[in-house]
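For reference, the structure is listed below as structure tokens.
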Amino acid sequence: MRVATFNVNGIGARLGALLQWLEETKPDVACLQELKAPQERFPLAEINAAGYGAIWQGQKSWNGVAILARGTDPVEVTRGLPGDPSDEQSRYLEAVVNDIVICGLYLPNGNPAPGPKFDYKLAWFERLIARAQQLIDTGAPVVIAGDYNVMPTELDVYKPERWVDDALFRPETRAAFQRLVNQGWLDALRAIHPDEVIYTFYDYFRNAYGRNAGLRIDHLLLSPTLAPALRAAGTDHAVRGREKPSDHVPTWVELDLSALKA
DNA sequence: ATGTCCCAAGGATTGGGA
């Protein structure tokens, strides 16, 4: 089973690129972020025609997340990150696909830091940590996939010294991610490739992709009960080099669910 | 500070966000 995450940066502008990627790589589950479309403007007919069921949480102009499942409809569990009913931003969905709990997230960027946006990021992180602990406690196999807007370590940034004051790399942000992982989650790409430079995002500015000046900010975390199924992990790097690309690179894991059966 | 791209308002270009 392949589970992927892809920040599309506008489902309207990226539908062609998305459909091409789905056709080429055929992920069983795809978590999408930054739909940048209201609920009624999600291209369900095209997604269905590509062989995928979907649930999504839209929002005008910004944010927006979706979970796609090949040949089936995701069974929705939770819409919106628990912990703050006043939070109106569309950044979190949970669904069950093939008995695996799929959490798709778009964690706030948080810039400029310090400031209210950074405070919102850290508060959102605390809610995520609380929800993630609940998920661990269920014992269910879970993957939390998405755009975390966090580079976990210096290996995940092309020039760490330039990013120390940025909301994506500040000590508070990295510490929050580490606390999340320390609950028992496995950072799947880093587990498979412990020393490799892997980037999942390249700025549109200054030919960042051509210079390989990237960041690793899209992650798939596996619960302790799912980690034994991990077989491979990687990115679809070349997608970023196409015409009119998203600024993010699709990122995926390959799971062998038969390894979970006793 | 800059660079680029997406979306929306308004009906061209500008502003917000990343």
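Since we're looking at a predicted model, the values are computed, not measured. A note on names: the letters A, B, ... follow the listed sequences, proteins ahead of strands, and every chain is numbered from 1.
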query: Taking the side chain of R14(A) as its heavy atoms from C-beta onward, which of dC5(B), dA18(B), dA9(B) lies nearest to it?
result: dC5(B)
Side-chain donor-acceptor pair present, K36(A), N9(A), cut-off under 3.5 Å: yes
query: What is the distance from CZ of R240(A) to P of dT4(B), rounded to the nearest Å?
result: 13 Å
- prompt: P38(A) or D147(A): which one's nearest nucleotide on DNA chain B is closer to the 5' end?
  reply: P38(A)
Gap in Å between the two C1' atoms, one belonging to dC7(B) and one to dA12(B), rounded: 15 Å
- request: Take the protein atom CH2 of W163(A) and the nucleotide atom P of dA18(B), then report the distance between them rounded to whole Å.
  value: 13 Å
field: Spacing of E34(A) atom CD relative to dC7(B) atom P, expressed in whole Å
entry: 10 Å
query: Has K36(A) got a side-chain N or O lying under 4.0 Å from the OP1 or OP2 atom of dG17(B)?
result: no
message: In whole Å, I'd like the distance from the CD atom of E243(A) to the P atom of dC6(B).
response: 12 Å
- request: Measure the distance from CG on N7(A) to P on dC7(B) and round it to the nearest whole Å.
  value: 12 Å
- prompt: Counting side-chain heavy atoms from CB outward, which of dA18(B), dC6(B), dG16(B) is closest to R91(A)?
  reply: dA18(B)
task: Look at R41(A) and dA8(B) and indicate whether a side-chain polar atom (N or O) is within less than 4.0 Å of OP1 or OP2.
output: yes
- prompt: Given dG17(B), dA9(B), dC5(B), which nucleotide is nearest the side-chain atoms of K60(A)?
  reply: dA9(B)
query: Where the side chain of K261(A) meets the backbone of S258(A), is there a donor-acceptor pair that is under 3.5 Å apart?
result: no
field: Closest nucleotide among dA8(B), dC6(B), dA18(B) to the N9(A) side chain
entry: dC6(B)
message: Please report the distance separating the P of dC6(B) from the corresponding atom of dG11(B), rounded so that it comes out in whole Å.
response: 23 Å
R41(A) atom CZ, neighbour heavy-atom count above 12 within 6.0 Å: no
- prompt: Roughly, in whole Å, what's the span from CG in N109(A) to C1' in dG17(B)?
  reply: 8 Å
- prompt: What interatomic distance, in whole Å, is found between C1' of dA1(B) and the corresponding atom of dT13(B)?
  reply: 23 Å
task: May I ask you to check whether N111(A) and D166(A) show a side-chain donor-acceptor distance below 3.5 Å?
output: yes
task: Measure the distance from NZ on K244(A) to P on dT4(B) and round it to the nearest whole Å.
output: 14 Å
query: Are R174(A) and F169(A) in a cation-pi contact, defined as NZ or CZ under 6.0 Å from the six-membered ring centre and within 45° of the axis?
result: yes
message: Measuring from the side chain of W62(A) (C-beta onward, heavy atoms only), which nucleotide among dG17(B), dT4(B), dA8(B) has the closest atom?
response: dG17(B)
Length of the line joining Q59(A):CD and dG16(B):P, which is rounded to integer Å: 17 Å
query: Hey, which of F205(A), Y204(A), Y199(A) is the one that makes side-chain contact (heavy atoms from CB on, under 4.5 Å) with Y202(A)?
result: Y199(A)
task: Could you work out the separation of dT14(B) and dG10(B) based on their P atoms and round it to a whole Å?
output: 15 Å
task: Find which nucleotide of DNA chain B each of D247(A) and L35(A) is nearest to by heavy atoms, and output the residue with the more 5' nucleotide.
output: L35(A)
